[in-house]
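Working notes, structure below.
Given the structure is predicted, the values throughout are model-derived calculations rather than measurements.
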Amino acid sequence: MEYILHILVICGIYSILALSLNLILGYTGLVNLGHVAFYATGAYISALLTLQAGLSPWIGLLAGGLGAALIGIVVTLPALRLKSDYLALATLGAGIIVYQVSKNWTSLTRGPMGLPGIPGFSIFGIAFDSTWSYLILVIVFVLITLFIINRLVTGAYGRVLKSIREDEVASSVLGKNVNKYKFQVFITGAFFAGLAGSLYAHYITFIDPSSFTIMESMTIILMVIFGGMASIKGSVAGAVILVVIPEMLRFLGMPSSIAAPLRQMIYGLLLVILMMKRPQGLFGKFRFT
Amino acid sequence: MIQQFILNGLIAGGIYALVALGFTVIFRTVKFFHLAHGVVYTTGAYIGYTLAIQLKLPIVIAFLFAMLSAAILGILIDRIVYRPLRKKKASNLILLLASFGIFIFVQNLIQLIYGAQILSLRTGPVKEGYEIFSAIITPIQIIILVTSFVLMITLWIFIRKTKLGKAMRAVSDDPMAANIVGINPERIIMISFALGSALAGAAGFLIGMETNLEPTMGFNIILKAIIASIVGGVGSIPGAMLGGLFIGLSENIGIAWLPSAWKDVIVFVILIIFLLIRPQGFLGIKTKKENS
Amino acid sequence: MELLKIEHIKKSFDGLKVVDDLSFTLEKGKITSLIGPNGAGKTTLFNILSGLCKADSGDIYFNSNSIFNKSPYYIANLGIGRTFQNIKLFPQISVWDNVLLASQNHSGEHFIKTLLPTKQVHEDEKNAEEKAMECLEFVGLFNKKEYFAENLSYGQKKLLGLAITLATGADLLLLDEPTAGVYPETRKKILELLGQLRDQGKTILFIEHDMKIVMDISDIVIVMNYGKKIVEGSPENVKNNQDVKDAYLGRGNGSS
Ligand SMILES: Nc1ncnc2c1ncn2[C@@H]1O[C@H](COP(=O)(O)OP(=O)(O)OP(=O)(O)O)[C@@H](O)[C@H]1O
Ligand SMILES: [Mg+2]
């Protein structure tokens with residue numbers, strides 16, 4: 001039972017990651033290969049503020065989100081004026097840089113040794129220290145994310161995002177400030193990914209760079225595409241499916257030196273096949289061409 | 001001391017330039033960022049390991065076969081994935097994501113076969129180096145330096161002087177027009193993948209003789225190669241070489257002052273500076289957003 | 001009253017002068033047609049006017065605001081709408097949403113206001129819907145509103161492009177070959193629409209290759225060749241002008 005609750009917490013955290021990436025990738029059509037950078041930033045900032053500065057995890061959470069958003073600004077600012085391929089590259093670069101910093105700035109992050117003993121959340125003296133209570137906390141954040149992203153993608157604002165995805169030139173001659181929207185979307189997505197990072201750090205209580213490799217970006221991208229680009233329920237479904245399936249593979253009893261690369265291989269292959277055969281994924285309408 | 005950093009920069013730069021050159025040759029015909037180029041480099045290195053270390057073949061034979069296998073892998077990637085997508089007129093975003101998927105797939109395949117541990121292509125003990133301008137260079141490093149420059153110059157001459165090279169340039173400039181004058185763009189794309197991938201394979205092999213092999217080695221190199229080609233000017237052949245050397249030199253000279261772990265960070269700072277100030281790179285023409 | 005004033009615009013691509021010292025003004029409420037052989041620089045001029053392409057020098061005033069080399073969205077917000085020669089729509093969005101996108105100053109397109117929707121947002125959306133309905137009915141596409149734009153026929157796409165431009169409420173409409181390649185019935189309809197728009201007080205600058213249409217509908221005709229304006233005047237004047245005949249004969253027949 002404990003195990004199932006644990007899986008659900010992880011599903012929740014990945015749902016936030018997938019939803020926030022879908023805003024950027026699925027709705028606005030901006031390729032972001034470095035979503036993990038925002039996730040890692042949120043996790044590290046939040047963990048460090050609570051461990052080193054002794055601040056409340058709630059402040060860490062907020063600072064983690066804002067810090068991730070700041071990284072989002074730094075990444076998008078130089079790349080937005082250029083063709084979208086450059087944005088893809090800049091985001092991939094951000095993913096690598098944040099990873100390198102977490103690994104090499106040992107005086108701050110303790111490098112590969114990681115940060116142990118990250119305290120958990122509590123409110124009015126009640127601690128979220130059991131798995132089921134943490135699940136409730138995560139569900140609340142998933143709902144907040146769902147609510148906000150749903151608002152952004154359904155109304156007139158979401159219409160503009162989709163128009164940018166379809167044809168930014170046509171959108172700009174209709175009076176839409178395309179770069180402003182791209183910027184807002186990136187920062188919002190980064191903020192939520194940062195929150196997810198913080199939620200992860202305070203849940204697992206230990207973080208190290210190995211949780212934030214570029215493979216993690218791959219997993220989140222796949223969740224979005226598998227579930228369906230520009231589909232809210234697709235992102236949640238994608239996150240759940242891609243968390244649960246590898247867990248089931250664990251019961252097959254393969255040694256992890258085989259299971260881990262095998263899983264990644266399947267992910268890579270799945271991405272290629274989806275791109276070739278069904279770019280709109282399970283629930284999406286948008287085919288990305 | 002600084003001489004040593006410059007020398008190291010030239011050696012690294014030669015490798016980057018080789019990969020960037022291969023990337024550029026391919027980019028010029030397909031016009032998207034072929035990320036999986038990085039994993040072709042890794043494949044070259046590991047095939048080289050199997051041939052030279054496991055099967056104990058002569059190093060030159062192993063090198064040539066590593067290049068050949070890389071070329072074949074490049075052609076296969078294009079045939080199996082990119083070409084059907086091209087037929088469907090898929091957007092660059094689809095191609096980029098597919099390329100990312102291929103990367104992850106092959107990298108993990110290599111890890112599954114060879115394991116995650118670090119391997120080396122070194123055949124003997126590290127030999128005593130020679131001293132030039134108070135910098136030390138080992139015989140292996142001389143081989144790397146010479147081979148990478150010979151390969152680059154050969155390719156450059158090939159593209160500038162031969163008929164096939166001219167056809168490649170024509171396809172790069174205007175595929176439609178090239179098609180009309182009887183050049184088959186698909187054939188040219190295949191040749192570009194073969195040539196570009198062979199260069200990547202060669203670079204992977206060379207680096208394996210000097211440092212180590214690990215399955216994830218392709219990530220860093222492809223990023224640096226793309227950054228090198230941006231710095232040199234996207235799509236420009238001399239630009240790719242110049243950019244590669246520039247990146248290799250800057251990161252190695254940079255670590256004269258900074259801890260060596262910050263190499264990659266230096267490279268990305270260069271990228272950001274270029275994107276902000278000179279997105280067309282040293283030799284490129286201004287990248288314009290299309291409009292009509 | 002003059003709505004648009006273009007002064008000494010120059011633009012070259014790789015040394016080729018595509019727009020060469022071009023000046024003219026547009027009167028409010030008139031239909032002006034811009035004609036000239038293929039490659040004369042007409043579309044490039046439109047791109048400069050709508051901010052998609054930066055000119056090398058010159059000046060442009062719209063309602064006495066300078067719009068020279070400003071961003072496309074800024075120019076659009078001032079009230080200049082355009083269509084594209086090779087139709088630009090939002091293919092994987094419904095026809096209905098395509099037209100709704102044309103609404104200007106919609107508060108629902110604002111980040112904060114969309115998160116905390118006010119009454120204003122609902123009102124703006126209602127206005128946008130009314131306008132969209134009106135424009136789609138105007139071009140006769142209201143019954144297709146649920147379709148993805150990519151599933152319309154060529155002529156319907158042209159009409160949708162026109163409807164979108166109309167729905168922006170722009171005072172100045174730049175139409176790049178709105179009738180090219182469409183069925184004669186549709187063409188007649190488009191021309192009727194242009195006439196109605198003028199009667200509503202819109203100012204229209206349109207590019208057209210069909211001389212008969214030009215002669216029938218224009219108040220003023222401007223002829224371009226090699227980036228220069230060679231003649232400007234009433235349809236009759238232009239028809240009988242020797243330079244115009246030379247331009248068309250000398251460079252192949254641009255009309256269809
Ligand atoms: N972005 C560009 N880069 C280089 N040359 C360009 C560019 N845009 C247009 N041109 C050139 O400018 C010239 C004028 O093109 P333009 O599209 O303005 O002609 P046009 O008058 O609209 O012709 P048509 O009647 O065929 O539509 C052409 O020679 C074209 O090749
Ligand atoms: Mg034109």
Side-chain angles (χ1 to χ4, degrees), chain A residues 25 29-31 33 74-75 77-79 81-86 88-90 92-97 99-101 103-106 111 165 168-169 172-173 213-215 217-218 221-222 225 257-258 260-277 279 287-289, chain B residues 31-33 35 80-81 84-85 88-113 115-116 215-216 219-220 222-223 226-227 230 234 259-265 267-269 271-277 279 287-292:
Chain A
L25 177 69
L30 304 171
V31 173
L33 304 178
V74 175
V75 177
L77 214 48
R81 299 174 303 143
L82 301 168
K83 272 177 53 189
S84 55
D85 301 19
Y86 289 80
L89 183 69
L92 190 53
I96 305 273
I97 293 265
Y99 173 76
Q100 297 271 4
V101 169
K103 199 163 134 189
N104 294 322
W105 192 349
T106 42
R165 176 189 78 190
E168 23 178 302
V169 171
S172 69
V173 301
T213 64
I214 208 76
M215 294 294 171
S217 272
M218 166 82 217
I221 290 175
L222 199 55
I225 293 175
S257 64
I258 292 182
L262 196 61
R263 191 188 71 178
Q264 298 292 353
M265 256 176 77
I266 294 171
Y267 280 10
L269 195 62
L270 196 57
L271 181 58
V272 177
I273 293 173
L274 281 170
M275 287 293 95
M276 295 181 72
K277 301 292 178 205
R287 291 182 325 263
F288 225 134
T289 36
Chain B
K31 301 277 167 18
F32 73 91
F33 287 173
L35 296 177
I80 298 174
V81 182
L85 286 173
K88 287 202 290 187
K89 298 208 165 33
S91 65
N92 268 11
L93 306 189
I94 294 238
L95 286 160
L96 203 74
L97 288 168
S99 187
F100 191 55
I102 298 167
F103 193 112
I104 304 284
F105 176 77
V106 180
Q107 172 176 316
N108 284 286
L109 184 62
I110 291 173
Q111 182 167 339
L112 207 59
I113 297 171
T216 54
F219 246 124
N220 241 302
I222 186 61
L223 283 170
I226 298 180
I227 293 171
I230 289 176
V234 175
S260 68
W262 298 103
K263 262 188 187 175
D264 300 337
V265 180
V267 175
F268 277 99
V269 171
L271 172 69
I272 304 265
I273 293 173
F274 266 83
L275 289 184
L276 280 173
I277 296 171
T287 46
K288 36 183 178 276
K289 288 196 178 177
E290 61 171 308
N291 52 38
S292 104

Tell me, side chain or backbone of [X] under 4.5 Å from chain A's heavy atoms, or both, or neither?
{"X": "Ile110(B)", "value": "neither"}
{"X": "Asn92(B)", "value": "side chain"}
{"X": "Phe103(B)", "value": "neither"}
{"X": "Leu35(B)", "value": "side chain"}
{"X": "Leu271(B)", "value": "side chain"}
{"X": "Ile102(B)", "value": "both"}

Flag if over 12 foreign heavy atoms under 6.0 Å of NZ, Lys103(A): no
Atom CH2 of Trp262(B) with >12 non-hydrogen neighbours under 6.0 angstrom: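 Yes, enclosed.
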Only pairs of heavy atoms separated by less than 4.5 Å count here; which of Pro215(B), Ala98(B), Gly115(B) has the most with chain A?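 Top option by heavy-atom pairs under 4.5 Å: Ala98(B).
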Which atoms of [X] come close to chain B, meaning under 4.5 Å heavy atom to heavy atom: side chain ones, backbone ones, both, or neither?
{"X": "Ile258(A)", "value": "both"}
{"X": "Ile97(A)", "value": "side chain"}
{"X": "Gln100(A)", "value": "side chain"}

Taking every non-hydrogen atom, the tightest pair across Leu112(B) and Pro261(A): CD1-CG, 3.6 Å
For Met218(A) and Leu271(A) the tightest heavy-atom approach is CE-CD2, 3.5 Å
With rounding to the nearest 0.5 Å, note down the distance linking [atom1] in [X] to [atom2] in [Y].
{"X": "Ile96(A)", "Y": "Phe268(B)", "atom1": "CD1", "atom2": "CZ", "answer": "6.0 Å"}
{"X": "Met275(A)", "Y": "Leu96(B)", "atom1": "CE", "atom2": "CG", "answer": "10.5 Å"}
{"X": "Met215(A)", "Y": "Thr216(B)", "atom1": "CE", "atom2": "OG1", "answer": "8.0 Å"}

Just by distance, do the side chain of Ser217(A) and the backbone of Leu33(A) share a donor-acceptor pair under 3.5 Å?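 Present.
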Against chain B, work out which of Ile214(A), Leu274(A), Ile273(A), Leu222(A) has the most heavy-atom pairs shorter than 4.5 Å and name it.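 Option with the top pair count is Ile214(A).
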